[in-house]
Amino acid sequence: MRHRGIEDIEDIEDIEDVAYRPPEGQEGEVEVYTVRDLLRRAAPGLFLRPQRMGFHQLLIVEQGSTLHTVDFTAHQLGAGSVLWIRPGQVQQWSDPTQIEGTVLIFPAGLLDLATDALTSADSPEGPHHWASEEVDPARLVDLRTTISRLAADPTMPPVVRRTAMRHALSILLLHLVSWHRAHQDAAEVPEAFRDFRALVERRFAAWHDVAQYARALGWSPRTIARATRDARGATPKQIIDGRLLLEARRLLVQTDHPVHRIGTQLGFEDPSNFTAWFRRRDGRAPSEFRASGAVRGTQLAR
């Protein structure tokens, strides 16, 4: 595996940007590793530092337990649990030597459109953490084993293996989503919310007003508000602000950009407006949040 940060990244920043760099000839494939594989390939201390991912990483824990932080939320992982880290998210391993498991790596855009939509693959708010009691353990083992065997099959032509593994991955992810919905007893997410949330992910830094999304989508603000309330128990403005706050926190801990520059990146023309906006939502000024070292997690997932 040739992901920058796995083998050859230099320790130059507090948070490493881990780019998608698959082995030669395996672009666009599902890569399968054990946690021990990753540790053997890692630069010293890599897993002690926060990493911003440039690809999808699905971690299936088979033995042991550890904490794993993703975007300021710490997840307790144990045998049978699964964690999905999406591109752009900041992760922080606690102690990977305490677990054994399988890691699936795949690039953004690999899934077909239907699977992408059903799994909310491009959204940091999509299903991402499954405790052991939320999954069918035998089925999870079967699905994981199928993908691992496909990856190790030397008789299969590359183009056939690539397609088979993509389909196997899609089946695994769809099972995970179905288990998530069954555990949460969640209703089908309204179409208006899915469209709104997908557009927020693309335009949050430029569009801060609900009316801008309503015009672009052809939905009325009232329809979006009702769909958002049904799906998340929140207002559309809270969804927009939540995504903005997440990105602001990421930039504050990932970069050394001045606060005013971060505000500009996020669509605030006046730096003082950004500072006041951030303080109202986080309770701290941006500089205070940056100094707190909050990347290691501000809450423990339930």
Side-chain angles (χ1 to χ4, degrees), residues 1-3 6-7 18 20-42 53-64 66 68 70 75 77-87 89 91 93 96 99-122 126-132 134-182:
M1 180 178 61
R2 291 185 56 78
H3 302 288
I6 298 300
E7 293 185 22
V18 186
Y20 175 67
R21 294 186 179 178
E24 185 175 354
Q26 295 187 28
E27 295 81 2
E29 291 192 15
V30 182
E31 300 172 52
V32 183
Y33 303 96
T34 67
V35 173
R36 289 185 179 182
D37 287 335
L38 296 185
L39 289 172
R40 283 195 295 267
R41 290 166 169 78
M53 313 307 292
F55 48 87
H56 292 273
Q57 177 179 287
L58 195 71
L59 172 60
I60 304 171
V61 181
E62 296 156 25
Q63 295 183 38
T66 189
H68 197 111
V70 181
H75 300 276
L77 303 182
S81 61
V82 181
L83 186 65
W84 184 357
I85 303 98
R86 291 164 167 81
Q89 292 193 297
Q91 71 167 352
W93 296 78
I99 60 172
E100 294 184 10
T102 299
V103 181
L104 306 180
I105 287 174
F106 57 99
L110 180 71
L111 304 174
D112 64 76
L113 293 178
T115 302
D116 189 275
L118 288 168
T119 60
S120 301
D122 64 348
H128 57 278
H129 178 227
W130 293 262
S132 59
E134 298 177 77
V135 306
D136 179 334
R139 188 60 177 149
L140 178 62
V141 170
D142 286 344
L143 292 165
R144 172 182 57 77
T145 301
T146 296
I147 294 174
S148 297
R149 286 176 176 170
L150 286 170
D153 188 345
T155 67
M156 188 172 286
V159 66
V160 176
R161 183 183 65 247
R162 184 180 302 117
T163 302
M165 291 185 68
R166 184 174 70 248
H167 286 306
L169 172 68
S170 296
I171 293 170
L172 169 58
L173 294 176
L174 290 169
H175 271 84
L176 287 171
V177 169
S178 70
W179 292 332
H180 171 81
R181 290 178 177 171

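Quick caveat, the model's predicted, so the values are computed rather than measured. Note that the numbering runs from 1 along the sequence shown for the chain.
- No side-chain donor-acceptor contact under 3.5 Å links Asp142 and Thr145.
- The structure places CD1 of Ile85 at 10.0 Å from NE2 of His129, a figure rounded to the nearest 0.5 Å.
- In this structure, CG in Leu110 is found 7.0 Å from OG in Ser170, a value given to the nearest 0.5 Å.
- Under 3.5 Å, the side chains of His180 and Trp130 contain no donor-acceptor pair of N or O atoms.
- Going from atom CG of Leu104 over to atom CD1 of Ile147 covers 5.0 Å, rounded to the nearest 0.5 Å.
- Between Trp84 and His56, the ring-plane angle classifies as tilted under the 30° and 60° cut-offs.
- The distance from the OH atom of Tyr33 to the CG atom of Leu38 is 8.0 Å, given to the nearest 0.5 Å.
- At a threshold of 4.5 Å between non-hydrogen side-chain atoms, the residues Leu39 and Trp93 do not count as touching.
- When all heavy atoms are compared, the tightest approach of Asp116 to Leu111 is N-CB, 4.3 Å.
- Taking CD from Glu29 and CG from Leu150, the interatomic distance works out to 11.0 Å, rounded to the nearest 0.5 Å.
- At a threshold of 4.5 Å between non-hydrogen side-chain atoms, the residues Leu176 and Leu143 do not count as touching.
- Atom CE of residue Met156 and atom OG1 of residue Thr163 lie 10.0 Å apart, to the nearest 0.5 angstrom.
- The backbone N or O of Asp112 sits nowhere less than 3.5 Å from a side-chain atom of Thr115 that would complete a donor-acceptor pair.
- Judged by distance alone, the side chains of His68 and Gln91 do bring a donor and an acceptor atom under 3.5 Å apart.
- Shortest non-hydrogen contact noted between Arg162 and Glu27 is NE-O, 3.9 Å.
- Applying the ring-ring contact (aromatic ring centres under 6.0 Å, His included) definition to pairs two or more places apart or across chains, those involving residues 158-177 are His175-Trp179.
- Residues Gly54 and Pro87 share a closest heavy-atom pair of C-CB, 4.2 Å.
- Remark: Glu100 engages Arg36, Gln63 in a side chain to side chain contact (heavy atoms under 4.5 Å, CB included) (not counting sequence neighbours).
- The two residues Glu62 and Thr102 come nearest to each other via the heavy atoms OE2-OG1, 2.6 Å.
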In sequence, state the C-alpha distance, the side-chain angles, and the governing distance for Val70 and His75, and then conclude on side-chain contact (heavy atoms from CB on, under 4.5 Å).
-> CA-CA 8 Å; Val70 181; His75 300 276; 4.3 Å; yes
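- Looking at Leu59 and Val35, their side chains come closer than 4.5 Å, going by heavy atoms from C-beta outward.
- At least one side-chain heavy atom of Tyr20 sits under 4.5 Å from a side-chain heavy atom of Glu31.
- When all heavy atoms of Pro127 and Arg86 are compared, the pair lying nearest together is O-NH2, 3.0 Å.
- In this structure, Leu140 and Asp136 have side chains that are not in contact, with every pair of non-hydrogen atoms separated by 4.5 Å or more.
- The two residues Arg144 and Ile60 have their closest heavy-atom pair at CD-CG2, 4.1 Å.
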